[in-house]
Amino acid sequence: MGERLHHRAFVRRALRVTLLAALPSVVSCQTSRAGQGSEGALVDPAEVPPQLRSQWQALVDAQSGDPGSAAVDEAADALLEQEPPPELRAGALAAKADRQYLLGNDAEAIALADEAAGLLGAGDARPHSKAHQQLVSAIHRVLALAHTRGGDPDRALAELEQLEAWGEMERVELRGARAVALDRKGDSAAALAAFVAWRELLAEQTPDAGYAEERMHALAEHLDRPTIEALAEAAPGPDAADCLHATLGRDPGDHAPAWVSACRPLPARIGILLPRTGKLSALADGQLAAAVAAVTVLGRTRPVSVMWRDSGSTPDTARAGADRLVADGAEVIIGPVGTSNVRAAISAVGDDRFLLPGESSASARGVAPTLEERTLALINFARDQGATEVIVLTPENGYGRRVQKAEKSADLKSVKSLKFITYPSSTTSFSPIVRPHLAALRKGAALIIADALPRTDLIVRELRREQLRVRGGRVDSEGTEITVLGTGEGLSSSAIGAKHASLDGVVLAPAAHPDPSSRAFEDEYFAQQQQRPDDQALLVWRALEAAWSGASATHEPEPSLVRIQGSSLVAVKAP
């Protein structure tokens, strides 16, 4: 019985080859558990010739004490000098190969393991003897891991595949070794997928987990979005898929494990490129105030280096500012504004760094839904509320022409009529514009006012004078209830409320509006400026928040609807 226990200990020691956690020669403290607790032995005691039992037992004892000690080589060499039979010789060579692997000598470990495998015909079909199977597995584990760390990665992958087919390697160790082999092979996409799959099985705060996360971040930086999305589709588990999506900046949600949330790329240097001079400088004070408040709030979550440059108001100044920010190491750039300025900045440094505090422009991503998308959301909402006719009022300018483009995308199956009525952008009296459509409005037509909020206020006042009242509003008035919607340009707390009671009940699809995620920013902005942020300030906040959280490359703005209720905005479910 004692002899059998010695042989079991030899099995455990021979199979306990540690999984590498770094290259080229650092070995992690994680050990393999495959084969431990086995009831067999590498060599059946009955197969050991009587005259060699003492030498064999000395080798068993040496490995049981320390498989990486010189005593293992001494005992194995003493046994080999006796010219033992092939299986016993293979066992001694396997012990020597195990030791060389543990010492980081991969070439020596591979040579010894290959010699041992040759003695057993291990490349052929699996043997039937249980002890023989364990010896073959032990040899091929050394080959797999030594090739993974310092040998041929293609050979390593083949060996790992064989061990997986035999069921002789635990899943966590198999995934880790495969990830490192693919990484060494230079297959970045497959290596990223493998490291994420490995990390999914690892415990927090372990060396292996830290190494896997380090390689995940490094590999993801060099892969394009379609490649990573394809890897996520094929991920072995939901956490692995969420991590891969997070490398693209997508928020995995509050309930995701910490390691999945950490997959999001987090820039250490953010540049702000907004106009302080030139014809666009009228925007500067509000944008600067918003940026200062946003940085104050976001800086409480984690430290980031923020760099400021004046974009000016011309393509040349925007290009120069972008060049300086990139030279300073900015990983994400907020701004500039103006289509020609954006194009100029992109021509200087590429489009992958920019996040605009507004709509997407040229090939740079923006944080605001487009005007066309917002108009379409309003048309769809009116349709879903039962309106069979929709009237859109909009100015005769570039803004109005963009509004009219929404007609091409509108689903008008249940809408009998969609009319676009334009007026000069200088119009201040809307009675002549509104009166021709009063009959349709009284019969249930919905009205969309695609214009600045102050002008929307003027139009709604005209409706009220014609004894029409806004559906959902709280203002006491008589007359027919109608659905009124708007794009709400220039939305701010000062543009709604008691002084603008006519707007009560109007549904808006603004470029930006306050919501729970912006509450801390709003409070900080008020503390600094003694007023609430408007839609343009909120766009600066949203751009910086997306950059800070690692979502700048994948932020996908969608139009959202709100209803004016007194001095507040209430969310309306989008169609």
Side-chain angles (χ1 to χ4, degrees), residues 217-218 220-221 225 246-251 261-277 280 283-312 317-338 341-342 344-368 512 517-518 520-522 524-525 528 533 536-557:
H217 286 294
E221 289 180 1
R225 183 185 184 90
T247 66
L248 299 173
R250 189 176 304 172
D251 187 353
S261 298
C263 293
R264 294 179 76 176
L266 298 177
R269 297 180 181 86
I270 294 175
I272 299 178
L273 184 62
L274 296 173
R276 297 291 295 162
T277 57
L280 296 177
L283 302 171
D285 290 342
Q287 290 178 331
L288 178 62
V292 170
V295 169
T296 301
V297 172
L298 295 167
R300 296 167 188 155
T301 61
R302 69 181 185 92
V304 169
S305 176
V306 179
M307 297 161 284
W308 306 73
R309 292 291 182 186
D310 178 14
S311 69
T317 56
R319 185 183 297 111
D323 271 334
R324 287 196 293 271
L325 283 174
V326 171
D328 290 339
E331 300 162 71
V332 180
I333 298 174
I334 307 302
V337 296
N341 296 342
V342 171
I346 289 173
S347 71
V349 301
D351 61 358
D352 58 339
R353 295 176 190 263
F354 292 97
L355 185 62
L356 309 181
E359 296 183 19
S360 297
S361 180
S363 55
R365 189 180 296 272
V367 296
S517 69
S518 65
F521 165 73
E522 295 171 57
E524 183 63 36
Y525 188 93
Q528 294 182 12
Q536 298 305 303
L538 285 164
L539 288 172
V540 173
W541 155 256
R542 297 202 189 291
L544 278 164
E545 192 277 333
W548 220 276
S549 65
S552 58
T554 57
H555 186 79
E556 297 287 353

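Counting from 1, the numbers follow the sequence of the chain as shown. Every value quoted in this text rests on a predicted model; they were computed, and no experiment measured them.
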message: More than 12 heavy atoms of other residues, nucleotides or ligands under 6.0 Å from CZ of R269: yes or no?
response: no
- prompt: With sequence neighbours left out, what residues match Y525 under ring-ring contact (aromatic ring centres under 6.0 Å, His included)?
  reply: F521
Distance (rounded to the nearest 0.5 Å) between L298 CG and I270 CD1: 7.5 Å
- request: Measure the CD1-CD1 distance between I272 and I334 for me, rounded to the nearest 0.5 Å.
  value: 7.0 Å
Donor-acceptor pair, side chain of D328 and main chain of A330, under 3.5 angstrom: no
- request: Measure across V342 and A364 and return the closest heavy-atom pair with its distance rounded to 0.1 Å.
  value: CG1-CB, 3.9 Å
task: Search all heavy atoms of R542 against all heavy atoms of A512 and return the closest pair with its distance.
output: NE-CB, 4.1 Å
message: Closer than 3.5 angstrom, by distance alone: can the side chain of S311 be matched with the main-chain N or O of A318 as a donor-acceptor pair?
response: no
statement: One should read off an interatomic distance between I346 CD1 and I333 CD1, to the nearest 0.5 angstrom, of 10.5 Å
Minimum heavy-atom distance V337-N341, with the two atoms named: O-ND2, 3.1 Å
message: Apply side chain to side chain contact (heavy atoms under 4.5 Å, CB included) to residues L356 and V367 and explain how you reach the verdict.
response: CA-CA 6 Å; L356 309 181; V367 296; over 6 Å; no
statement: Residues at least two apart in sequence or cross-chain that pass salt bridge (Lys or Arg N to Asp or Glu O under 4.0 Å) with R302, listed by chain then number, are none
query: Do S518 and L538 have side chains that get closer than 4.5 Å, going by heavy atoms?
result: yes
query: Can you tell me how far CD of E545 sits from CG of L355, rounded to the nearest 0.5 angstrom?
result: 10.5 Å
- request: Look up atom CZ in R353 and atom CD in E331, then write down how far apart they are to the nearest 0.5 Å.
  value: 8.0 Å
- line: For L544 and A291, the nearest pair of non-hydrogen atoms, with its separation, is CD1-CA, 3.9 Å
message: For D323 and V349: C-alpha separation, side-chain torsions, deciding distance, then whether side chain to side chain contact (heavy atoms under 4.5 Å, CB included) applies.
response: CA-CA 7 Å; D323 271 334; V349 301; 3.7 Å; yes
query: Do V332 and W548 come close enough that some side-chain heavy atom pair is under 4.5 Å?
result: no
- prompt: Between R264 (side chain) and S549 (backbone), is there a donor-acceptor pair under 3.5 Å?
  reply: yes
- prompt: Taking 4.0 angstrom as the limit, do E524 and R300 come out as a salt bridge?
  reply: yes
task: Take L288 and W308, measure what side chain to side chain contact (heavy atoms under 4.5 Å, CB included) needs, and give me the verdict at the end.
output: CA-CA 10 Å; L288 178 62; W308 306 73; 3.4 Å; yes
- prompt: Would R324 and L273 count as a side chain to side chain contact (heavy atoms under 4.5 Å, CB included) if you check the C-alpha gap in whole Å, the side-chain angles of each, and the deciding distance to 0.1 Å?
  reply: CA-CA 10 Å; R324 287 196 293 271; L273 184 62; over 6 Å; no
message: Would you compute the distance between atom CZ of R309 and atom CZ of R276 and round it to the nearest 0.5 angstrom?
response: 14.0 Å
message: Show the nearest heavy-atom pair for residues F354 and G335, with the distance to one decimal.
response: CD2-O, 3.0 Å
- prompt: Between H217 and T247, is there a donor-acceptor pair closer than 3.5 Å when you use the side chain of the first and the backbone of the second?
  reply: no
Minimum-distance pair of heavy atoms, taken over all atoms of G312 and P275: O-CB, 3.2 Å
